[in-house]
Structure formats: C-alpha cells, structure tokens
Engineer: 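Structure below; questions to follow.
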Protein chains: 2
Amino acid sequence: MCRSSSRSPGRTGGRPRSAAADAAILEATRAALVELGWSKLTMGDVAGRAGVAKTTLYRRWAGKNELVVDAVAVLFDELELPDRGSLMADIEGVVVQFAALLERPETKTALMAVIAESTRDEPLRERIRTSIVERQKRLVLAGRRRAQARGELPESPASAAGTDDLIFDVIAGAVVHRALVSAEPVDAEWVQRFTALLLGGLSAAART
Amino acid sequence: MCRSSSRSPGRTGGRPRSAAADAAILEATRAALVELGWSKLTMGDVAGRAGVAKTTLYRRWAGKNELVVDAVAVLFDELELPDRGSLMADIEGVVVQFAALLERPETKTALMAVIAESTRDEPLRERIRTSIVERQKRLVLAGRRRAQARGELPESPASAAGTDDLIFDVIAGAVVHRALVSAEPVDAEWVQRFTALLLGGLSAAART
DNA sequence: GCCTTTCGCTACGCGTCGTAGCGTAACCCC
DNA sequence: GGGGTTACGCTACGACGCGTAGCGAAAGGC
C-alpha cells in the first residue's frame with residue numbers, strides 16, 4: 001500500500017516505522033482534503049496536521065497522488081451489500097450507499113483528481129485499480145450470485161466475467177456522472193428509475 | 001466563454017482583443033495538455049507556446065481551470081449523431097465516438113481534472129455544465145426523437161425530461177468509467193454488450 | 001489626430017516543492 | 001546491555017510556478 005511495503009523485505013533490526021504516524025498522516029490527509037480540496041492541499045500542511053515532519057511523508061509516499069489514493073481507498077471498503085430480499089432492493093441499496101460516499105467532500109474531490117493524474121501516470125493507475133476498483137467488484141459478484149440463488153438471474157450466463165465488469169462500469173459510472181458531472185442529486189426517484197432501467201436490461205439479456 | 005465576454009459591453013474605442021491570440025492560446029493549451037498532462041501544465045508554458053505574454057492569459061482567464069475548460073469544451077462539439085437506421089446502431093455509433101474522444105490525451109486528462117476542481121468551485125462547476133454537459137444532451141434528445149419517429153420507442157413516455165437526463169448519465173458515465181477508471185478498452189464487444197443492456201432496459205420500460 | 005484599450009516585456013514577493021544533512025530516538029540481535 | 005541499523009524531527013536550501021504591477025509601444029474607434 002505505502003512505500004514501506006516496497007522496502008527490501010529481508011532486512012533486520014533498526015527502528016520500525018511508526019504505525020501511529022501512518023494512521024495520523026492518512027487521517028490528516030482526509031481532513032485536509034475536506035478543508036482545502038485537492039489543488040490547495042500541500043504536503044507541508046498534511047505533515048503539520050499529522051504532527052510529523054515533512055520528510056517523514058516523503059519517506060513513505062512518492063508524492064501527493066500516492067498519498068491521497070491510500071487515504072481515500074479505505075473509505076470505499078465501507079460499502080456493503082446486505083441481503084435486502086430482491087435484486088432490485090440490493091441494487092438500490094448499493095447505489096444509495098455509493099452516492100452517499102461520493103457526497104463526502106474528501107471522496108468526491110480526491111477520486112476525480114487522482115483519476116485525472118492517472119491518465120498520465122501508469123503506476124498510479126495501477127495503484128488505483130488494485131486499491132479501489134478491483135476491490136469493489138466484490139459487490140457486483142455478491143449481488144449476482146445472490147440473485148442467481150434466488151432464481152432472479154440464470155445460472156452462469158455466457159461470459160459472466162465480462163458481464164460483471166460491464167455492470168460495475170454502468171453502476172459506478174452512472175452514479176459518479178450524475179453526482180459529480182451533471183451535479184444533480186442522487187435522490188430516491190433517480191435511484192428507482194436507474195435501477196428499473198438496469199434491471200430491465202438484465203432481465204432482457206437473461207431472456208436471450 | 002472567456003473573460004472578454006464579461007467585460008462591460010457598452011464600451012467603445014480602444015484596441016480590440018486579438019481573436020488570433022485567443023485561438024492560439026486555446027490550441028497551445030491543448031498541446032500542452034497532451035505533452036505535460038494537467039498537473040505539470042503551467043500558465044507560463046502555455047503563454048510561451050502561444051507566442052503571447054503571460055499577462056495576456058490572465059487578462060482573459062482567471063486561472064488554469066477556466067482556461068482548460070474553454071480549451072477542451074470545443075472538442076465535445078465534434079460529436080454527431082447521424083441516422084444509422086436503428087436505435088441500436090445510433091447508440092453504438094455515439095458510444096464509439098465518445099470513447100474515441102476520451103482516448104485523446106488532452107480530453108481524458110483535462111476532463112477529469114476540471115471536474116475534480118469543480119467539486120470545490122461552484123462557478124467552475126456551472127461553467128462545465130453550460131459549456132460541456134448541457135450542450136451534449138442534444139445527442140440524447142435527437143436519438144430519442146428519431147427512435148420515436150421509427151416507432152422503436154413510445155411517444156412521450158411519462159417524465160421524458162428526467163429520462164433523457166438518466167440516459168445521458170448512464171451512457172456518458174459508463175463510457176467514462178470504463179475508459180478512465182477501469183482503464184480497459186472500449187472495444188466493439190463491450191460497446192455491443194453495453195448497448196444491448198441499455199436497449200433492453202429501455203424496451204422494458206416502454207412495456208410498462 | 002486624440003483617446004482608449006490591449007499588447008509584450010520585465011521584475012517582484014510569495015508559497016510550495018523535493019532534497020540534503022544533522023543529531024537523536026527506537027528497536028532487533030547477539 | 002551493548003552494537004548495529006533504521007526511522008524520526010528539524011533546519012536550510014535552490015528551483016520553480018504563481019499572480020500582479022508598472023512601463024512604453026502598438027492598434028483600433030471616433
């Protein structure tokens with residue numbers, strides 16, 4: 001996750017990295033994102049908030065991009081998919097959760113910024129993929145399997161893996177676009193209309 | 001669009017702003033985005049490329065954000081929706097076009113960056129909405145009307161305006177997410193699968 | 001030909017970047 | 001409990017981009 005994991009693993013002895021400092025830095029980064037946003041966030045400011053020296057930050061993260069990815073990634077692990085009884089209810093539930101997560105200023109401001117930077121930074125893109133994107137596909141996987149167990153979707157349709165990726169891009173993309181680009185509220189009515197659209201497409205695909 | 005439009009309109013006399021300089025600056029901004037990306041793009045560099053003084057940039061744009069929005073907005077006007085004979089073909093066509101536009105480095109890198117900044121900058125968000133988002137909803141509107149004329153969609157379904165917005169968020173969001181977040185290719189197979197999903201949802205909604 | 005506005009140019013103070021060097025503190029191993 | 005090793009806080013530094021001010025010159029309207 002952070003630079004410390006890329007140190008030579010066979011080493012011994014020496015003063016270990018302070019885990020408390022790691023936590024304080026990531027927390028300070030999120031706080032700074034809330035107050036300052038992306039462009040006005042500085043490494044020196046984060047260091048001051050966390051009560052550590054600026055050099056300590058640079059010993060662990062290469063720069064602002066990597067630091068913010070790690071600070072924000074854990075927020076996405078809050079997403080859950082409890083069994084709400086039907087595929088429709090499950091989808092609506094996760095959409096509402098995701099929209100609420102994107103409403104938080106540290107999330108919305110950081111997510112788009114690091115994605116923008118990742119278009120010119122291949123290692124950063126890979127970091128985002130592994131730390132955020134791939135981890136949350138678990139939600140789609142769980143939802144599909146549960147719907148299959150209920151009989152709402154056919155067992156193992158052709159090329160299920162590609163379908164999971166497609167569903168993920170549609171759900172996450174639509175919610176992000178609605179919330180951040182169109183800048184209109186993800187309210188109950190929109191969620192219901194979107195879910196109905198997606199569900200209609202899924203059942204239509206199941207029929208063929 | 002640029003600051004010049006917000007000057008006192010009733011003025012008279014004086015040396016007029018150079019339209020050639022405007023064009024050169026916007027072109028230089030796109031070139032700089034391709035080479036440097038967002039974070040390494042500087043106002044001084046753009047001025048140098050455009051062959052104008054740095055002060056000239058600041059006379060017309062408040063900063064990097066506003067400049068880049070104007071430089072990128074015109075690229076989205078290239079999108080067209082020729083009649084391809086069916087709703088399915090029309091959707092596939094516009095998705096392919098949009099994906100190609102997002103493949104261009106100046107587009108992908110700038111779009112996400114200005115959206116990120118807009119989460120903390122209300123005027124910038126409004127500028128993006130009027131310059132980019134609202135203008136491209138014309139594509140959804142044209143596609144729906146054409147499909148209705150063909151009999152593929154029912155005339156004036158309940159709350160068509162909200163549906164147009166929903167379709168726009170789903171299409172644009174899914175393509176952006178696939179291309180920039182998941183960072184996987186928007187190839188012919190994906191386009192067909194996505195279009196089938198969307199089309200299934202639309203026809204399912206039309207049946208109720 | 002006068003007035004107004006823009007233009008290119010130079011220079012400036014300010015803040016952030018990312019690094020280097022130092023002395024000190026914390027920990028592991030023997 | 002030393003000795004070795006590594007992290008830490010602190011300070012200082014050069015480099016660079018920011019955004020503005022002031023100047024003389026150029027370009028157009030009336």
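Below, read A as the first sequence line, B as the second, and so on, with proteins coming before strands; counting in each chain starts at 1. The basis for the numbers below is simple: all heavy atoms, side chains too, and nothing from hydrogens, waters or symmetry mates.
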Engineer: Residues in side-chain hydrogen bond (donor to acceptor under 3.5 Å, both in side chains) with A:K40, at least two apart?
Structural biologist: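 Listed in chain order: nothing, the list is empty.
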Engineer: Can you tell which of C:dG18, D:dG9, C:dG8 lies closest to the side chain of A:T55?
Structural biologist: D:dG9
Engineer: What is the distance from OH of A:Y58 to C1' of C:dG21, rounded to the nearest Å?
Structural biologist: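 Going from OH in A:Y58 over to C1' in C:dG21 covers 17 Å.
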Engineer: Without decimals, in angstroms, what is the distance between A:W38 CH2 and C:dT16 C1'?
Structural biologist: 14 Å
Engineer: Show which side-chain atoms of residues 178-186 of chain B pair as donor or acceptor with protein atoms under 3.5 Å away, not counting sequence neighbours.
Structural biologist:
residue : atom : partner : partner atom : Å
B:R178  : NE   : B:P185  : O            : 3.0
B:R178  : NH2  : B:P185  : O            : 3.0
B:S182  : OG   : A:D169  : OD1          : 2.6

Engineer: By side-chain contact (heavy atoms from CB on, under 4.5 Å), which residues pair with A:A89, not counting sequence neighbours?
Structural biologist: A:R84, A:S86
Engineer: Can you find a donor-acceptor N/O pair under 3.5 angstrom joining the side chain of A:R15 to the base of C:dA25?
Structural biologist: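 Yes, a donor-acceptor pair under 3.5 Å.
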Engineer: Applying side-chain hydrogen bond (donor to acceptor under 3.5 Å, both in side chains), name anything that partners A:E103, two or more places apart in sequence or on another chain.
Structural biologist: none
Engineer: For a quick test of reading the model: is some side-chain N or O of A:S18 closer than 4.0 Å to OP1 or OP2 of C:dA26?
Structural biologist: no
Engineer: Figure out the NZ/P separation between A:K40 and C:dT16, and round it to whole Å.
Structural biologist: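 In whole Å, C:dT16 P lies 11 Å from A:K40 NZ.
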Engineer: Rounded to whole angstrom units, what separation is found between the CH2 atom of B:W61 and the C1' atom of C:dT6?
Structural biologist: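 About 14 Å, once rounded to whole Å.
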Engineer: Go through the structure and list residues passing side-chain hydrogen bond (donor to acceptor under 3.5 Å, both in side chains) with A:R129, not counting sequence neighbours.
Structural biologist: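 With sequence neighbours excluded, A:R129 shows a side-chain hydrogen bond (donor to acceptor under 3.5 Å, both in side chains) to no residue whatsoever.
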Engineer: Tell me the salt bridge (Lys or Arg N to Asp or Glu O under 4.0 Å) pairs involving residues 106-121 of chain B, sequence neighbours left out?
Structural biologist: B:R104-B:E106
Engineer: Between B:Q148 and B:R146, is there a side-chain donor-acceptor contact under 3.5 Å, judged purely by atom types and distance?
Structural biologist: no
Engineer: May I have the distance from B:L57 (atom CG) to D:dG17 (atom C1'), rounded to whole angstrom?
Structural biologist: 14 Å
Engineer: Can you tell me how the ring of B:H177 sits relative to the ring of A:F168, calling it parallel under 30°, perpendicular over 60° and tilted otherwise?
Structural biologist: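 The rings of B:H177 and A:F168 stand perpendicular, inter-plane angle above 60°.
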Engineer: Taking only residues two or more places apart in sequence, or in another chain, which ones meet B:S118 in a side-chain hydrogen bond (donor to acceptor under 3.5 Å, both in side chains)?
Structural biologist: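 Not a single residue meets the side-chain hydrogen bond (donor to acceptor under 3.5 Å, both in side chains) criterion with B:S118.
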Engineer: Mind listing the residues from residues 41-54 of chain A sitting with a heavy atom below 4.0 Å of DNA chain D? Number order is fine.
Structural biologist: A:G51, A:V52, A:A53
Engineer: Report the distance from atom CZ of A:R17 to atom P of C:dC27, rounded to the nearest whole Å.
Structural biologist: 15 Å
Engineer: Taking atom P of D:dC18 as reference, at what distance in whole Å does atom CZ of B:R59 sit?
Structural biologist: 17 Å
Engineer: Using a 4.0 Å cut-off on heavy atoms, which residues in residues 115-125 of chain A reach DNA chain D? List them by number, or say none.
Structural biologist: none
